[in-house]
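All values below come from the heavy atoms of this structure, side chains included, with hydrogens, waters and symmetry mates left out.
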Amino acid sequence: MSIWKSGSDRLFNYIFYLPFGGEGSFRRKCLDFARIEKGDRVLDVCCGSGVLTRLIGECSGCSGQVIGVDISQSALKEAKNLQNQCIAFTCASGENLPLRSSSFDKCFLSFGLHHMDRQARQKTLQEIGRTLTAGGSLFVIEYNLPEGAVAKLISRALVKLDTSQEACPMLMNANLTEELQKAGLTIKRREFIGRGIIQLVEAGK
């Protein structure tokens, strides 16, 4: 998650990831989707406490470069416990990344967009596009509104439990792919997990 959770929010996280076998197992499903290779240069925007960032580092190894970025100082304090010679963390907004253009092969944005208003989402997606190399890919993990009645009900319930005011409108409008394209990115792949409640999207520069 992009915003550091405390107390009841951690309980929400536990319940959310339970059907996937825990947060670590869920994150590995996302990594399998992204096909991280040794030597990849990877940016993790809205990295939170660094769980996904650490797993990315294990895949790319020290021959690559992995940087986690988050605006929350408290989240990064936890994340920096995972920092090593292969992984670095920095405090910054996704709307203004202090990173060189065309410097990353891949970028992750996991449950970060729904914490932003539409304008901030566009700026963040454009900034990510700027940091990607030609042919690079952004991997977005976000909520989805599935077709099935039961799954749709569960999806709506989860989003309403989320602390973000933007999560519900973003889900109901189903505008993630549209916003990616508006930011100049091309949809390459889109998969659904958890009965369609979660979407994994690869968007290319």
Do you know which two heavy atoms are closest between [X] and [Y], and how far apart they sit?
{"X": "Phe104", "Y": "Val42", "answer": "CD2-C, 3.5 Å"}
{"X": "Ile36", "Y": "Ser60", "answer": "CG2-N, 3.9 Å"}
{"X": "Cys30", "Y": "Ile141", "answer": "SG-CG1, 3.6 Å"}
{"X": "Ala75", "Y": "Ser72", "answer": "N-OG, 3.2 Å"}
{"X": "Pro146", "Y": "Lys152", "answer": "O-CE, 3.0 Å"}
{"X": "Ala203", "Y": "Leu185", "answer": "CB-CB, 3.9 Å"}

Looking at [atom1] of [X] and [atom2] of [Y], how far apart are the two atoms once the value is rounded to the nearest 0.5 Å?
{"X": "Leu99", "Y": "Thr90", "atom1": "CG", "atom2": "OG1", "value": "7.0 Å"}
{"X": "Ser49", "Y": "Asn81", "atom1": "OG", "atom2": "CG", "value": "10.0 Å"}
{"X": "Arg28", "Y": "Glu58", "atom1": "CZ", "atom2": "CD", "value": "5.5 Å"}
{"X": "Cys86", "Y": "Gln65", "atom1": "SG", "atom2": "CD", "value": "11.0 Å"}
{"X": "Leu97", "Y": "Cys107", "atom1": "CG", "atom2": "SG", "value": "7.5 Å"}
{"X": "Leu125", "Y": "Gln181", "atom1": "CG", "atom2": "CD", "value": "11.5 Å"}

> Of Ile128, Leu138, Thr186, which meets side-chain contact (heavy atoms from CB on, under 4.5 Å) against Leu180?
Replying inline: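 In the set Ile128, Leu138, Thr186, the residue that makes a side-chain contact (heavy atoms from CB on, under 4.5 Å) with Leu180 is Leu138.
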
> Please walk me through it: do Arg118 and Glu178 pass salt bridge (Lys or Arg N to Asp or Glu O under 4.0 Å)?
Replying inline: CA-CA 12 Å; Arg118 191 177 183 115; Glu178 173 194 330; 3.0 Å; yes

>> Evaluate Leu31 against Cys59 for side-chain contact (heavy atoms from CB on, under 4.5 Å), listing each step before the verdict.
In response: CA-CA 9 Å; Leu31 287 174; Cys59 294; 4.1 Å; yes

Short question: side chain of [X], backbone of [Y] - any donor-acceptor pair under 3.5 Å?
{"X": "Asn96", "Y": "Ser93", "value": "no"}
{"X": "Arg41", "Y": "Leu132", "value": "no"}
{"X": "Lys106", "Y": "Arg35", "value": "yes"}
{"X": "Gln83", "Y": "Phe89", "value": "yes"}
{"X": "Thr124", "Y": "Ala120", "value": "yes"}
{"X": "Ser102", "Y": "Thr133", "value": "no"}
{"X": "Asp70", "Y": "Leu76", "value": "no"}

>> I'd like to know whether NZ of Lys29 has more than 12 heavy-atom contacts from other residues, nucleotides or ligands below 6.0 angstrom.
In response: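 Result for NZ/Lys29: open.
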
>> Atom NZ of residue position Lys123 - does it have more than 12 heavy atoms of other residues, nucleotides or ligands inside 6.0 Å?
In response: no

Honestly curious: do [X] and [Y] fall in one hydrophobic cluster under the side-chain, below-4.5 Å linking rule?
{"X": "Leu109", "Y": "Phe192", "answer": "no"}
{"X": "Leu145", "Y": "Tyr143", "answer": "yes"}
{"X": "Ile187", "Y": "Val140", "answer": "yes"}
{"X": "Val51", "Y": "Phe111", "answer": "no"}
{"X": "Leu52", "Y": "Ile198", "answer": "yes"}

> Would you say the side chains of Asp44 and Thr53 form a donor-acceptor pair under 3.5 Å?
Replying inline: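 Thr53 and Asp44 do have a side-chain donor-acceptor pair below 3.5 Å.
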
>> Distance alone, cut at 3.5 Å: any donor-acceptor contact between the side chains of Ser137 and Glu202?
In response: yes

Electrostatic pair [X]:[Y] at N-O distance under 4.0 angstrom:
{"X": "Arg54", "Y": "Glu78", "result": "no"}
{"X": "Glu95", "Y": "Arg121", "result": "no"}
{"X": "Lys182", "Y": "Glu179", "result": "no"}

> Of all residues at least two apart in sequence or in a different chain, which pass the ring pair (Phe, Tyr, Trp, His ring centres under 6.0 Å) check with Phe108?
Replying inline: Phe139

> Could you walk me through whether Ile87 and Ile67 pass the side-chain contact (heavy atoms from CB on, under 4.5 Å) check?
Replying inline: CA-CA 6 Å; Ile87 305 171; Ile67 296 179; over 6 Å; no

> Where do Ser110 and Arg27 land on the side-chain hydrogen bond (donor to acceptor under 3.5 Å, both in side chains) test, with the steps shown first?
Replying inline: CA-CA 9 Å; Ser110 176; Arg27 298 299 189 191; 2.4 Å; yes

>> Evaluate Met116 against Cys46 for side-chain contact (heavy atoms from CB on, under 4.5 Å), listing each step before the verdict.
In response: CA-CA 11 Å; Met116 310 173 192; Cys46 301; 3.7 Å; yes

>> Pair Gln73, Cys91 - check side-chain contact (heavy atoms from CB on, under 4.5 Å), show working.
In response: CA-CA 7 Å; Gln73 290 280 8; Cys91 186; 3.7 Å; yes

> Gln199 pairs by side-chain hydrogen bond (donor to acceptor under 3.5 Å, both in side chains) with which of Glu191, Arg190, Glu142?
Replying inline: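 With Gln199 as partner, side-chain hydrogen bond (donor to acceptor under 3.5 Å, both in side chains) holds for just one option, Arg190.
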
